[in-house]
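A short worksheet on the structure shown next.
Order of appearance sets the numbers: ligands from 1, and atoms from 1 within every ligand.
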Amino acid sequence: MAAHGMLRHMETREYADAGLKVTLDGAVATLLLNRPEARNAQHPALWAAMAEAIDSFGEEIRVVVVRGSGGTFSAGLDLALLDPSRAGEADSMVALAARGPEAIIDQIDVYQQPFVKLADPRFISIAVVDGFAIGAGFQLALCCDLRLVADDARLCMKEPALGLVPDLVGTKPLVEAVGYARALEICATARWVSGEEAGRIGLAQVVAPATELDAELATLIGGLTQHPAAAVRATTELLHDASARTLDEQRLAERTAQAARFGELAAAFQ
Ligand code: CAA
C-alpha cells in the first residue's frame, strides 16, 4: 500500500528466452538482465525484449532501472555470436558480417533500438552497475541518464581490443560525460575503469560499496520522483536536447516549455 491509501501497481514480466525480467512497481520499472550463468552477456533476443518492454511503459513510469543479476552488470556481447564455428546459428555476427555493409548497417540499427530508447526523456533511466560492465555492458550503462556504480565495479570498452568499434550508442554519451580526450584514452586502450574512477571523472553520479547500492538506489529514486511528474519530465526534455541546440534555440525551448507549465498550473488553480 502506497502513501495516501492508493494501491500501487506491481507486475512482473518474464522474457525468459531473452534472459530479461521486467518489474513494474508504481512509478519505477526495472529491467533485470537475468542470465547470471553467462554474466548477463547480451544478444539480439535480449535487445528485442528490452525494446518491447520499454515501448510498453505507460505515462506512470518515471524511472527505469537497468541492472544485472548475480553481482555482474553485463559481460557485453555474447561471445558465442562471434564464434565462426557457430555461424549457422540465428543472429550469428559472423553470418551477419558475410551479408555486406548495407545489411550490417541496417541490422545494427535494429540492435541499437533499446539503447536509444533508454534515453527517452519521458522517464529517467538509471544503470546500477556492480561487478563487470564490459563492451556492450559498458555501453548499456552509458545509454542510461544516470549511473550508480559500485566502488569495486570494473568497466571496459573492450571492442577495439576485439577488432571492433563500440556501436551500441555508447560513444556519444561517453564523450559527453568525460570529454573527447578521456573517452579516446579509455576506448583506444580498452583499459579497466574502476567504479571509484568512474565517479571521479564524471561517468558515475553515485559511487557506493556494492552492499549499499540498493539503499543508494532507493534514495536516488526517492529524490527523482518527489516533485511533480510533468515538471520533471519537461525539465528532462530540456536538458536532454540542450547540447544539440544553439543558445537561442534552447531559450525558445525553455519559454515554450514554461508556457505549457503555466497553462497547466493555471488550469489546476481554476
Ligand atoms: N559471452 C558469453 N558467455 C560469457 C561471456 C560473454 N561475453 N562472459 C562470460 N561468459 C560466461 C563464461 O563463458 C562462463 O561460462 P561457463 O561457466 O559455461 O564456462 C561464465 O560466463 C562465467 O564466466 P567466467 O568464469 O569468466 O566469470 P568471471 O566472473 O571469472 O569473469 C568476466 C567475468 C570478467 C566478465 C569474464 O567472463 C570475461 O572477461 N568475459 C568476456 C568479456 C568480453 O570480452 N565481452 C565482449 C565485450 S565486446 C562487446 O560487447 C562487443 C560489442 O558490443 C560490439
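Of the charged side-chain nitrogens involved, at least one lies within less than 4.0 Å of a carboxylate oxygen, so that Arg35 and Asp78 count as a salt-bridged pair. A salt bridge does not link Glu237 with Arg233: every distance from a Lys NZ or Arg NE/NH1/NH2 to an Asp or Glu carboxylate oxygen is 4.0 Å or more. For the pair Arg191 and Glu185, the salt-bridge criterion is met [side-chain N within less than 4.0 Å of a carboxylate O]. The pair Lys117-Asp120 does not count as a salt bridge, with every side-chain nitrogen at least 4.0 angstrom from each carboxylate oxygen.
Ser74 places a side-chain N or O within donor-acceptor distance of the main-chain N or O of Asn40, the cut-off being under 3.5 Å.
Taking a 6.0 Å sphere around CD of Gln226, one finds it holds more than 12 heavy atoms contributed by other residues, nucleotides or ligands.
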For ligand 1, which of its N or O atoms have a protein N or O partner closer than 3.5 Å, and how long is each gap?
| residue | atom | partner | partner atom | Å |
| --- | --- | --- | --- | --- |
| ligand 1 | 1 (N) | Leu79 | N | 2.9 |
| ligand 1 | 7 (N) | Ala75 | O | 3.2 |
| ligand 1 | 7 (N) | Leu77 | O | 2.9 |
| ligand 1 | 21 (O) | Glu37 | O | 3.2 |
| ligand 1 | 27 (O) | Arg39 | NE | 3.2 |
| ligand 1 | 27 (O) | Arg39 | NH2 | 3.2 |
| ligand 1 | 29 (O) | Arg39 | NE | 3.0 |
| ligand 1 | 29 (O) | Arg39 | NH2 | 3.4 |
| ligand 1 | 44 (O) | Lys158 | NZ | 2.9 |
| ligand 1 | 45 (N) | Ala75 | O | 2.8 |
| ligand 1 | 50 (O) | Leu77 | N | 2.8 |
| ligand 1 | 50 (O) | Ala136 | N | 2.8 |
| ligand 1 | 53 (O) | Glu159 | OE2 | 3.0 |

